[in-house]
Amino acid sequence: MNILLLGSGGREHAFAWKILQSPECSRLFVAPGNAGTAEIAQNVALSVTDFQGIHQFILSESIDLVVVGPEEPLVKGLVDFLQSKPETATLPIVGPSKLGATLEGSKDFSKRFMQRNGVPTAAYETFTADQIEAGLAYLEKQSLPIVLKADGLAAGKGVLICETLEEAKSSLKEMLLEAKFGDASSKVVVEEFLTGIELSVFVATDGKSYKILPEAKDYKRIGEGDTGLNTGGMGAVSPVIFADAAFMQKVEERIVKPTIAGLEKEEIDYKGFVFIGLMNKNGNPYVIEYNVRMGDPETEAVLPRIESDFVGLLKGIATGTLSDYELEISPNYSTTVVMVSGGYPGSYDKGFPISLPDKTPGSVIFHAGTAHNAERKLVNQGGRVLAITGFGSELKEALDHAFATVQKISWEKAYYRRDIGQDILKLMK
Ligand code: AMP
Ligand code: GLY
């Protein structure tokens, strides 16, 4: 098969690495890719939102399967666009339709979907600018902290957890009346704060049947001990000790089944991944959010644990034959440590040469924000630069492998969290 993978992050390098392990892949193209995907596949200078360009490329390279990494092209309707063109109308694509992608593209849509389908989630109300008075009055009656969410995509910044009523009121005004997050906050979801331990659950679906992939824990804050600003993700661990069989059974019965049944009942065309961000509150799962793609950096920890043929899984999703696929998962641990540019998630300097080790025992280096400069040297280009995944039959062993490789990597002002996985190690004692 000729496969086109869209995206340029650590997630896409991990997808490319996994796809190339399959005998079913003959040629792999990554658009636009990064310096890591350039080493193992063919990068294509196409933006993920250049729908015309993507369509042209599919025809010129006889692409048999398209795999969409990030949410943006999905929310903007790439799948519908390709389906509207005669030459690509039936092309297998991993990624939901525009309506399906609204589960991530609009928090209000996704909350209403959960309510209609009986999926447990935090209590909420949605407000627009002309309902500001009702919104402020609603805030008065809620307990603190309270969560304010911009309805639309806001580059991971649209969620505010307000500790005081004053802060909640002024934030609601800024979001609705002063477009704090632009168009994304023209609607705001005001939501109950859930306490518990957060978990990322990944489901592959062809819209009718599903397979639950390994779960992971993500480390979102920039600072050790979960302090400081939110980031795209600083590390991941899979499997997760507190997601035992009994808990995962509840996740499947209460969340996964009604979600997939809801997609089918509401005739939402969905062939792709559902990433369910959830809270384990006293042993019961509640959905925080749906994403319509795999997580990053969770993918870098989750995909290496899949032992069955990965292209077979992608084909099953895209062609509606997932029920015939046998998913095999390794019981071993994968742990991912993300190395970022100094200053991230604020502003940071780019273009520092990166030195990588020749050997990475028990681990693999995935590239995210890397590029080659004019002298063909590898340099940092984005905030999250590299994701290093370590493997082991024990969590400690996987972490040791990841950190041993991290310590052999350097560039000016590189930063990473040394405490990835430490909380889980403690829970296991
Ligand atoms: P999001 O940008 O939607 O991924 O949300 C960012 C983070 O905010 C989540 O990963 C949670 O840690 C936190 N969060 C969102 N909604 C809630 C909630 N209802 N209760 C507690 N924490 C939340
Ligand atoms: N790691 C969280 C995300 O991909 O949104």
Side-chain angles (χ1 to χ4, degrees), residues 7-12 14-15 69-72 74-75 101 103-111 114 119-126 142-163 168 171 175 181 184-185 188-202 213 215-222 226-238 240 273-281 284-303 336-338 340 345 366 368 383-384 387 417 420:
S8 60
R11 170 182 51 212
E12 285 74 26
F15 262 89
E71 66 279 9
E72 194 190 358
L74 297 168
V75 171
L103 284 179
E104 178 166 356
S106 163
K107 307 246 187 226
D108 178 54
F109 176 88
S110 110
K111 294 293 282 191
M114 287 184 239
V119 175
T121 186
Y124 81 105
E125 284 283 322
T126 301
Q142 308 307 309
S143 48
L144 294 165
I146 183 93
V147 185
L148 268 50
K149 296 184 171 181
D151 178 61
L153 292 184
K157 297 194 173 74
V159 174
L160 302 179
I161 296 174
C162 302
E163 302 288 342
S171 298
M175 288 167 95
F181 300 106
S185 66
V188 174
V189 170
V190 179
E191 187 176 282
E192 166 200 10
F193 180 79
L194 296 169
T195 46
I197 322 182
E198 228 175 306
L199 183 71
S200 303
V201 171
F202 300 97
L213 305 181
E215 75 288 350
K217 182 186 190 294
D218 177 16
Y219 293 78
K220 289 181 192 285
R221 304 293 192 93
I222 188 71
D226 285 319
T227 54
L229 292 174
N230 243 324
T231 71
M234 296 295 293
V237 172
S238 178
V240 182
F273 296 100
V274 190
F275 160 3
I276 305 171
L278 57 84
M279 196 68 92
N280 176 340
K281 184 181 171 188
N284 291 312
Y286 293 84
V287 175
I288 296 174
E289 62 175 355
Y290 290 118
N291 294 299
V292 299
R293 52 174 173 85
M294 290 294 290
D296 195 348
E298 291 97 321
T299 298
E300 292 94 301
V302 166
L303 294 198
T336 301
V337 178
V338 176
V340 304
F366 295 118
R384 293 190 293 171
R417 272 179 65 170
I420 303 302

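Residues take their numbers from the sequence shown, with the count starting at 1. Nothing here was measured: the structure is a model prediction, and the numbers come from that model. When a ligand or atom number is given, it counts from 1 through the structure's own listing order.
- Heavy-atom distances between Arg293 and ligand 2 reach below 4.0 Å in at least one pair.
- Protein heavy atoms come within 4.0 Å of atom 15 (C) of ligand 1.
- Considering only non-hydrogen protein atoms, atom 1 (P) of ligand 1 sits nearest to Glu289 OE1, 3.4 Å.
- Inter-residue side-chain proximity for Ile288 and Leu278 is flagged as unmet; no heavy-atom pair is nearer than 4.5 Å.
- Each of the atoms 15 (C), 16 (N) of ligand 1 lies under 4.0 Å from some heavy atom of Lys149.
- For atom 2 (C) of ligand 2, the closest heavy atom belonging to the protein is Asp218 OD2, 3.4 Å.
- Taking a 4.0 Å cut-off on heavy atoms, Gly233 fails to register as neighbouring ligand 2.
- A distance-only check finds no donor-acceptor pair linking the side chain of Asp151 to the backbone of Ser185 [under 3.5 Å].
- Set against the non-hydrogen atoms of Lys107, the atoms of ligand 1 under 4.0 Å away are 3 (O).
- Atoms of ligand 1 lying under 4.0 Å from at least one heavy atom of Glu191, given by number and element, are 16 (N), 17 (C), 18 (C), 19 (N).
- Atoms of ligand 1 found under 4.0 Å from any heavy atom of Phe193 (numbered from 1 in listed order, with element): 20 (N), 21 (C), 22 (N).
- Ranking protein heavy atoms by distance to atom 2 (O) of ligand 1, first place goes to Val159 CG2, 3.3 Å.
- In summary, Glu104 and Arg293 engage in a salt bridge, as defined by a charged side-chain N under 4.0 Å from a carboxylate O.
- Of all atoms in ligand 2, listed by their number and element, those nearer than 4.0 Å to a heavy atom of Glu298 are 1 (N), 2 (C).
- With rounding to the nearest 0.5 Å, the separation of CD in Glu298 from CD in Glu215 is 11.5 Å.
- Taking the six-membered ring where the residue is Trp, Phe275 and Phe202 present tilted rings, their angle falling between 30° and 60°.
- To the nearest 0.5 Å, atoms CE (Met294) and OG1 (Thr299) are separated by 4.0 Å.
- Note that CZ of Phe193 and CG of Leu144 are 11.0 Å apart. Values are rounded to the nearest 0.5 Å.
- Heavy atoms of other residues, nucleotides or ligands lying less than 6.0 angstrom from NZ of Lys157 number 12 at most.
- Taking 4.0 Å as the cut-off, Gly232 counts as a neighbour of ligand 2 on heavy-atom distance.
- Those atoms of ligand 2 that come under 4.0 Å of a heavy atom in Gly295, given as number and element, are 4 (O).
- Close approach of ligand 1 to Glu198 is summarised as follows: ligand atoms under 4.0 Å from at least one heavy atom of the residue are 9 (C), 10 (O), 11 (C), 12 (O).
- Heavy-atom contacts of Lys220 reach the following atoms of ligand 1: 10 (O) (cutoff under 4.0 Å).
- Between the side chain of Arg384 and the main chain of Gly232, a donor-acceptor pair closer than 3.5 Å is present.
- Between Asn230 and ligand 1, not a single N/O pair is under 3.5 Å apart.
- The OG1 atom of Thr336 sits 11.0 Å away from the OH atom of Tyr219 when rounded to the nearest 0.5 Å.
- Residue-ligand proximity, Leu194 to ligand 1, at heavy-atom distances under 4.0 Å covers atoms 18 (C), 19 (N), 20 (N), 21 (C).
- Looking at Asn291, Ile161, Val287 and measuring to atom 13 (C) of ligand 1, the nearest heavy atom belongs to Ile161.
- With values rounded to the nearest 0.5 angstrom, Asp296 atom CG is found 11.0 Å from Ser200 atom OG.
- With respect to the salt-bridge test (charged N to carboxylate O, under 4.0 angstrom), the residues Lys111 and Glu191 qualify.
- In terms of polar-atom proximity, defined here as any N/O pair under 3.5 Å, Asp296 does make such a contact with ligand 2.
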